[in-house]
Amino acid sequence: MSETDSTELAAFRAEAQGWIAANFPASLKGRAGIMLNLNVETDEPDFHAWKKAMGAKGWGVPTWPKQYGGGGLSKEEAKVLSQEMMKAGAFSPIGGMGVMMFGPTLLEYGTEAQKQRFMPGIVNGTTRWCQGFSEPGAGSDLASLSTKCEDKGDHWLVNGQKIWTSGAQHADWIFCLVRTDPTRKHEGISFLLFDMKSPGVEVRPIQLISGNSPFCETFFTDVEVPKDQLMGPLNGGWTIAKRLLQFERNALSNAGGGTGGGTARMVPEVVKLAEKYVGRDAEGRIADPDLRQRLIAHHLKARAFGLTLARVATETKSGQGPSAATSIMKNAGSKIAQERAEFAIEMMGNLGLGWEGDDFNAYELGAVRGWLGSKVVTIYGGSTEIQNNITAKRMLGLLDHQ
Amino acid sequence: MAVLNEEQTMLRDAAAEWAKDKAPVSALRKVRDSNAPLGYDPAVYSDMAAMGWAGIVVPEAYGGSEFGYLSLGVVLEELGRTLAASPLVSSALGFASVLLIGGSAAQKEAWLPMIASGEAVGTLAIDEGPRHDPLQTALAGTAVGNGYTLNGTKGFVIDGMAADAFVVVARTSGKAGEAEGISLFLVPADAAGFTRTKLSLADSRGAAKVVFADVKVGADALIGPAGKGYEILEPALDRTRAGLAAEMLGTALGAFDMTIAYLKVRVQFGQTLGSFQALQHRAAEMFSELEITRSAVEAALQAIDAGSNDIRELASLAKARANETLHLVSNEMIQMHGGIGVTDAHDAGFYIKRARAVEAAYGNAAYHRERFARLNNI
Ligand SMILES: Cc1cc2nc3c(=O)[nH]c(=O)nc-3n(C[C@H](O)[C@H](O)[C@H](O)COP(=O)(O)OP(=O)(O)OC[C@H]3O[C@@H](n4cnc5c(N)ncnc54)[C@H](O)[C@@H]3O)c2cc1C
């Protein structure tokens with residue numbers, strides 16, 4: 001019970017506590033990182049039991065409407081739920097692009113039949129979605145995409161290629177931007193949903209510089225898609241895509257630039273690394289004075305960014321509308337995350353260059369891969385440059401060159 | 001660019017052509033994918049040596065050309081552009097410099113001709129901990145009878161898998177942190193009690209962890225006087241740092257050129273990326289950094305050739321600047337390429353991985369900024 005809880009909220013807190021205690025398997029306690037970072041799903045029965053319970057309760061998507069399987073909670077209740085989950089060392093096993101981006105968009109733009117059909121898989125975490133937006137020729141300029149979609153009377157026929165499709169090799173379904181009118185740019189795009197097992201869909205994983213293969217090239221050759229899987233109006237896909245990108249960027253911002261959260265919290269860990277690999281001088285200062293100065297500046301920035309995250313959250317919850325700071329969150333957070341990753345390998349010196357083998361411990365090897373992995377956060381979900389263009393144009397009223 | 005003499009111009013042109021032909025980035029990719037035991041292709045190094053590059057700082061009497069350090073720097077810059085993998089810096093520059101500065105006639109006679117011809121590879125075994133700090137040397141050199149016994153581990157030796165001989169930085173007196181008491185030993189790789197293991201690094205090159213367990217060497221293995229090794233090591237390291245800075249300048253230029261070329265061809269929003277001022281200004285900024293760094297690198301190499309008394313300061317200036325510039329350019333290379341830049345199929349990853357490895361080698365930017373500050377009383 002929290003002192004500020006109203007009676008209703010206090011009752012809800014008790015309910016949440018009880019439900020978590022009854023359903024969250026002790027074996028999963030505190031293991032969110034391990035359980036959710038797996039590329040391939042775990043087969044631990046406890047994990048599946050927990051997922052099933054959360055799915056049935058709708059608490060993986062606590063604020064979504066009950067009629068579609070969501071939790072139907074108010075924002076305050078959802079906050080209480082997340083506090084109680086944290087206290088219990090529990091985590092939501094239901095996530096991914098369906099929860100982060102597609103679900104909220106479906107709720108706004110889907111037909112009743114589409115919601116009935118697709119929401120359960122998202123809410124229960126049984127359908128994995130991937131995002132087929134980018135193409136080799138259409139990255140920052142997404143609206144120049146050319147994957148062709150023709151009306152064949154009783155079905156759509158899709159031909160073309162997507163790239164950087166995160167998780168396509170594991171995905172069940174794709175939400176995809178296709179060109180239905182080649183004569184118009186933004187007004188010739190439609191939003192199509194289809195099964196990744198459809199004949200003519202081929203995925204080829206792409207290897208990253210970090211050694212991971214989290215995304216794919218995705219090819220469509222004469223893929224037939226049922227007519228009722230168009231979402232929103234024909235040629236009206238761009239508006240939906242923009243809305244979805246908003247959901248994506250909000251999710252990334254809340255996670256501190258798409259870095260798994262806790263950008264601010266991570267700084268003390270960097271200081272510990274400095275202590276371990278660089279040491280302290282007689283007065284207790286980090287021994288490398290040049291590194292120390294830069295580390296201090298980084299620490300200050302990360303603390304202030306953490307405060308900004310908190311301020312944005314409070315302002316948004318208080319109903320003042322979106323905070324002005326929202327627009328800078330992704331860039332600021334991702335820059336801090338990249339800086340931190342560079343610090344880690346700099347401090348480790350030669351141990352921060354290890355690729356594999358017993359001469360490096362798991363933490364050191366992780367730091368190297370993590371450093372390379374961090375390079376993506378200023379590119380995906382709207383690159384730093386594109387975000388800055390948007391901020392300059394929308395927030396500052398400066399001229400749009402495009 | 002420094003005004004080059006005729007030899008230097010020929011060296012540069014030959015190296016540029018050779019690197020494009022014989023050691024493009026795809027060659028390093030092959031070294032990585034085949035998990036080459038030495039971290040380079042020995043046939044490629046033989047080819048480099050046949051071009052005379054392994055003997056550029058070695059006197060003619062020992063089979064070299066003695067063209068000097070700027071000349072070697074000119075070659076290293078061209079090789080750095082394509083990330084050509086070889087032990088040229090550790091062997092023909094670092095190891096050779098120690099012998100040139102402090103080696104006895106017999107030591108020079110024994111090793112320099114083979115170093116210059118590329119038949120043998122030498123390297124410096126300095127760092128014990130993860131960060132470059134030669135004064136922290138703790139590897140014990142104990143006087144026994146007429147010779148010494150070496151005991152200890154060098155945690156990170158560049159080209160340590162390939163080396164036939166090592167300049168081993170040991171401590172014969174004093175304690176970690178002191179220059180006094182550091183002694184240098186010339187130890188062949190077939191010495192009893194010597195073992196090495198390959199380190200698998202992000203840049204796919206051939207560093208090793210080497211262990212000395214009761215390795216017995218004669219008094220003739222000592223390079224220079226006992227306890228005074230730092231007086232040889234430091235100037236030899238500065239030569240190595242300046243030469244490596246030249247290679248790093250080349251690596252930064254290679255990354256920069258690829259990036260500029262991409263900005264000219266990649267079209268988004270109906271125009272090339274290069275037409276966006278947000279990117280233009282950053283490209284111009286990098287160009288400026290590269291030009292300024294080039295001056296520092298060339299000044300250090302020229303000072304070495306001239307025997308000036310400010311080599312230490314200029315070597316730290318060159319290495320610090322090369323670090324900062326390569327760091328910047330390798331990051332921008334990835335960012336400006338967008339998604340394609342973070343894929344393994346693209347070469348940008350090879351540049352950034354190599355960049356961080358050479359940034360750490362022989363002192364990172366912080367080390368050299370600090371050293372520069374001390375030398376200048378800042
Ligand atoms: C890890 C990762 C996961 C991804 N996941 C997905 C996914 O699941 N689904 C999907 O559809 N896409 C995904 N993407 C693709 C991502 O959205 C694109 O990479 C991104 O939009 C940039 O496009 P691009 O790679 O083609 O780069 P380009 O658009 O070619 O950009 C190259 C560089 O130029 C800059 N630039 C471009 N235009 C301008 C301008 N007007 N002014 C200034 N600078 C400019 C960019 O910022 C960038 O630095 C992912 C990317 C990554 C790295």
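Lettering of chains follows the sequences in order, A, B, ..., and the numbering in each one begins at 1.
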**Student:** So which part of A:I206 gets closer than 4.5 Å to some heavy atom of chain B, the side chain, the backbone, both or neither?
**Tutor:**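 A:I206 touches chain B through side-chain heavy atoms alone.
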**Student:** Out of B:L273, B:I352, B:D344, B:D203, return the one with the most heavy atom pairs under 4.5 angstrom to chain A.
**Tutor:** B:D344
**Student:** Picking from B:A278, B:G349, B:A360, B:G339, which has the most non-hydrogen pairs under 4.5 angstrom with chain A?
**Tutor:**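 Ranked by heavy-atom pairs under 4.5 Å with chain A, first place is B:G339.
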**Student:** Where on A:E346 is there a heavy atom nearer than 4.5 Å to chain B: the side chain, the backbone, both, or neither?
**Tutor:**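 Both parts, backbone and side chain.
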**Student:** Who among A:L142, A:V368, A:D358, A:D359 has the most heavy-atom pairs with chain B under 4.5 Å?
**Tutor:**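 If we count pairs closer than 4.5 Å to chain B, A:D359 comes out on top.
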**Student:** Quick one: sort the A:W164 and A:F215 rings into parallel, tilted or perpendicular, breaks at 30° and 60°.
**Tutor:**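 A:W164 and A:F215: tilted rings.
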**Student:** Check each atom of A:R369 against the heavy atoms of chain B and say whether the ones under 4.5 Å are side chain, backbone, both or neither.
**Tutor:** neither
**Student:** Quick check for you: among B:N364, B:I334, B:V342, which has the greatest number of heavy-atom pairs under 4.5 Å with chain A?
**Tutor:** B:V342
**Student:** Measuring heavy-atom distances to chain B, does A:A138 have an atom under 4.5 Å in its side chain, in its backbone, in both, or in neither?
**Tutor:** backbone
**Student:** Would you confirm whether A:D141, through its side chain, and B:F269, through its main-chain N or O, come within 3.5 Å as a donor-acceptor pair?
**Tutor:** yes
**Student:** Does any backbone or side-chain atom of A:I163 lie under 4.5 Å from a heavy atom of chain B? Answer side chain, backbone, both or neither.
**Tutor:** neither
**Student:** If you count heavy-atom pairs under 4.5 Å with chain A, which of B:N331, B:V267, B:D133 comes out on top?
**Tutor:**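 Top option by heavy-atom pairs under 4.5 Å: B:N331.
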**Student:** For side chain to side chain contact (heavy atoms under 4.5 Å, CB included), just list the numbers for A:E135 and A:R179, CA-CA rounded to whole Å, side-chain angles, deciding distance to a tenth of an Å, and then say yes or no.
**Tutor:** CA-CA 12 Å; A:E135 297 179 5; A:R179 180 147 306 282; over 6 Å; no
**Student:** Counting only heavy atoms closer than 4.5 Å, note whether A:L372 contacts chain B via side chain, backbone, both or neither.
**Tutor:** side chain
**Student:** So which residue, A:G349, A:S144, A:G211, ends up with the most heavy-atom pairs under 4.5 Å with chain B?
**Tutor:**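 Winner by heavy-atom pair count: A:G349.
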**Student:** Using the rule given for side chain to side chain contact (heavy atoms under 4.5 Å, CB included), can you reason through A:F175 versus A:Q131, listing the C-alpha separation, both sets of side-chain angles and the distance that settles it, and then say yes or no?
**Tutor:** CA-CA 5 Å; A:F175 50 93; A:Q131 176 187 34; 3.5 Å; yes
**Student:** With chain A, which of B:H132, B:H327, B:H346, B:H337 has the greatest number of heavy-atom pairs at distances under 4.5 Å?
**Tutor:**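 If we count pairs closer than 4.5 Å to chain A, B:H327 comes out on top.
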**Student:** Does atom CZ of A:R184 have more than 12 heavy-atom neighbours, drawn from other residues, nucleotides or ligands, at distances under 6.0 Å?
**Tutor:**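 Atom CZ in A:R184 is crowded, with more than 12 foreign heavy atoms closer than 6.0 Å.
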**Student:** A:S134 versus chain B, heavy atoms under 4.5 Å apart: side chain, backbone, both or neither?
**Tutor:** neither
